[in-house]
Amino acid sequence: MRASSSVCVTPAVHEVLQGGGELGALMLCLDRNGYLEEAYFTLEIARAHAEARAARARLHSQLMQAPIAVAILTGPHLVYELANPRYLELVGRSGGVVGRPVRAVFPELPRDASAFQLLEEVYTSGRPFTADEYRISLDRRGNGVLEDVYFQLTCQPMRDVRGAVVGVMVVAADVTAQVRARTQAQEADRRKDEFLAMLAHELRNPPGGPAHRPGGDEAHPRERGQADTPARHPHPPGGLSGAHGR
């Protein structure tokens, strides 16, 4: 479409911005240094829109195929825009989360759960959140039983072209098995140390030794007397002794 200076170009540009048309060469009369000159502009807004949609579709496809759990939540109510299969498996959801707010997707969590609070904090503050072992209790089997699971977690604010936060991207990995293995190893080490300490004590103080007697290393007074005084034997019958008597 070619427009002259007498044609209002705003409706035509608006139509293209809404995706309903294309503009080729647009001619405008501009005042340059006091002289009106015809200037031609080539606008390919519709093509730019198409390229942006294609890029968005590629990104969506890549995130859905990612080998790690990824979810995108948008708006102040943190509505799921995307949740890939790995994410659904990680949190124990069978699907149907897209278009629903995060609080509705996890009804087993209390309204003031720390997981909700941290997502809202990331959205309102624009600051990312990361944790190596973030613990959360989820009903992953759908049987009403909560289990503690640990995630390596990153919550990244998403911004529009003006820099305003419009959503939160969640990337997570399940590290529950590693945490439980480490906890069990630490418990085994603690029990081993307790056993070795007890064994060392018993070796230093065997049963029947001074440490096991009343009073510790101090012998009983009667025992001390017996140890310090030679044994005295009574005279044999008949008054026999070392000397001959009359």
Side-chain angles (χ1 to χ4, degrees), residues 17 19 45 48-142 145-186:
L17 290 175
I45 300 176
H49 275 294
E51 292 176 350
R53 287 193 296 268
R56 188 177 182 85
R58 286 194 301 270
L59 176 61
H60 183 277
S61 177
Q62 293 168 352
L63 293 178
M64 290 298 290
Q65 299 178 61
I68 194 169
V70 180
I72 295 177
L73 304 95
T74 58
H77 298 294
L78 298 170
V79 176
Y80 277 95
E81 181 178 301
L82 178 146
N84 71 356
R86 189 70 187 92
Y87 179 87
L88 296 176
E89 177 186 354
L90 198 69
V91 299
R93 310 298 122 155
S94 58
V97 304
V98 174
R100 300 174 62 195
V102 65
R103 291 180 183 273
V105 173
F106 297 99
E108 70 268 33
L109 297 179
R111 299 293 296 177
D112 59 349
S114 61
F116 297 148
Q117 294 178 4
L118 79 86
L119 288 171
E120 292 168 351
E121 174 66 18
V122 171
Y123 182 84
T124 56
S125 70
R127 294 189 298 269
F129 172 87
T130 60
D132 291 329
E133 296 174 357
Y134 186 81
R135 182 178 65 85
I136 184 172
S137 298
L138 294 178
D139 177 15
R140 296 207 292 184
R141 304 181 187 277
V145 178
L146 298 180
E147 60 175 311
D148 287 342
V149 292
Y150 294 84
F151 296 142
Q152 187 179 49
L153 184 66
T154 298
C155 299
Q156 182 70 33
M158 301 178 63
R159 302 177 184 273
D160 60 15
V161 294
R162 296 182 301 275
V165 177
V166 294
V168 177
M169 175 182 286
V170 178
V171 180
D174 191 348
V175 294
T176 304
Q178 295 91 312
V179 172
R180 289 176 179 171
R182 189 186 67 245
T183 301
Q184 292 172 357
Q186 291 173 344

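All residue numbers in this chain count up from 1 along the given sequence. Here the structure is a predicted model, which means the values were calculated and not measured.
- With sequence neighbours excluded, the residues satisfying salt bridge (Lys or Arg N to Asp or Glu O under 4.0 Å) with Asp148 are Arg135.
- Scanning for side chain to side chain contact (heavy atoms under 4.5 Å, CB included) contacts around His77 gives Val79, with sequence neighbours left out.
- Sorted by first and then second residue, the pairs that involve residues 66-85 and meet salt bridge (charged side-chain N to carboxylate O under 4.0 Å, His left out), not counting sequence neighbours, are Arg56-Glu81.
- Looking at residues two or more places apart in sequence or on another chain, you find no ring pair (Phe, Tyr, Trp, His ring centres under 6.0 Å) involving Tyr150.
- Residues meeting the salt bridge (Lys or Arg N to Asp or Glu O under 4.0 Å) test with Asp174, sequence neighbours left out: Arg140.
- Looking at Val179, Leu90, Thr176, Val91 one by one, the single match for side chain to side chain contact (heavy atoms under 4.5 Å, CB included) with Val149 turns out to be Thr176.
- Summarising the geometry, atom CG belonging to Asp132 is positioned 11.5 Å from atom CD belonging to Gln178; distances are rounded to the nearest 0.5 Å.
- For residues 65-75, the set of pairs meeting the side-chain hydrogen bond (donor to acceptor under 3.5 Å, both in side chains) definition, not counting sequence neighbours, comprises Ser61-Gln65.
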- Show the numbers, then the answer: is there a side-chain contact (heavy atoms from CB on, under 4.5 Å) between Met64 and Leu82? CA-CA 8 Å; Met64 290 298 290; Leu82 178 146; 3.9 Å; yes
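- Atoms CG and OH, on Leu78 and Tyr123 in that order, are 7.5 Å from each other to the nearest 0.5 Å.
- The minimum heavy-atom distance between Ile68 and Ala172, with the atom names listed, is CG1-O, 3.2 Å.
- With sequence neighbours left out, Phe151 forms a ring pair (Phe, Tyr, Trp, His ring centres under 6.0 Å) with no residue at all.
- Distance check: Ile136 CD1 to Glu108 CD gives 8.0 Å after rounding to the nearest 0.5 Å.
- Closest heavy-atom contact between Val97 and Ala83: CG2-CB, 3.5 Å.
- Between Leu138 atom CG and Arg93 atom CZ the span is 6.0 Å, to the nearest 0.5 Å.
- The shortest heavy-atom contact between Arg103 and Phe116 is NH1-CD1, 3.2 Å.
- Residues Val171 and Gln156 fail the side-chain proximity criterion, which asks for heavy atoms closer than 4.5 Å.
- Under the salt bridge (charged side-chain N to carboxylate O under 4.0 Å, His left out) criterion, no residue pair touches residues 58-72, with sequence neighbours excluded.
- Arg141 is linked by a side chain to side chain contact (heavy atoms under 4.5 Å, CB included) to Asn143, Glu147, counting only residues two or more places apart in sequence or in another chain.
- The aromatic rings of Phe129 and Tyr134 lie perpendicular to each other, with more than 60° between the two planes, well past the 30° mark.
- With sequence neighbours left out, the side-chain hydrogen bond (donor to acceptor under 3.5 Å, both in side chains) criterion links Asn84 to no other residue.
- To the nearest 0.5 Å, atoms CG (Leu73) and CE (Met158) are separated by 10.0 Å.
- Between Val105 and Pro107, the closest heavy-atom pair is O-CD, 3.2 Å.
- Proximity of a side-chain donor or acceptor of Arg100 to a complementary backbone N or O of Tyr80 within less than 3.5 Å is not detected.
- For Glu121, the side-chain hydrogen bond (donor to acceptor under 3.5 Å, both in side chains) criterion is met by Arg127, not counting sequence neighbours.
- Taking each heavy atom of Pro157 and Gly126 in turn, the nearest pair found is CG-O, 3.3 Å.
- Applying the side chain to side chain contact (heavy atoms under 4.5 Å, CB included) criterion to Pro110, with sequence neighbours excluded, gives Asp112, Ala113.
- Checking Ile72, Thr154, Leu119 one by one against Val170, the side chain to side chain contact (heavy atoms under 4.5 Å, CB included) holds for a single residue, Leu119.
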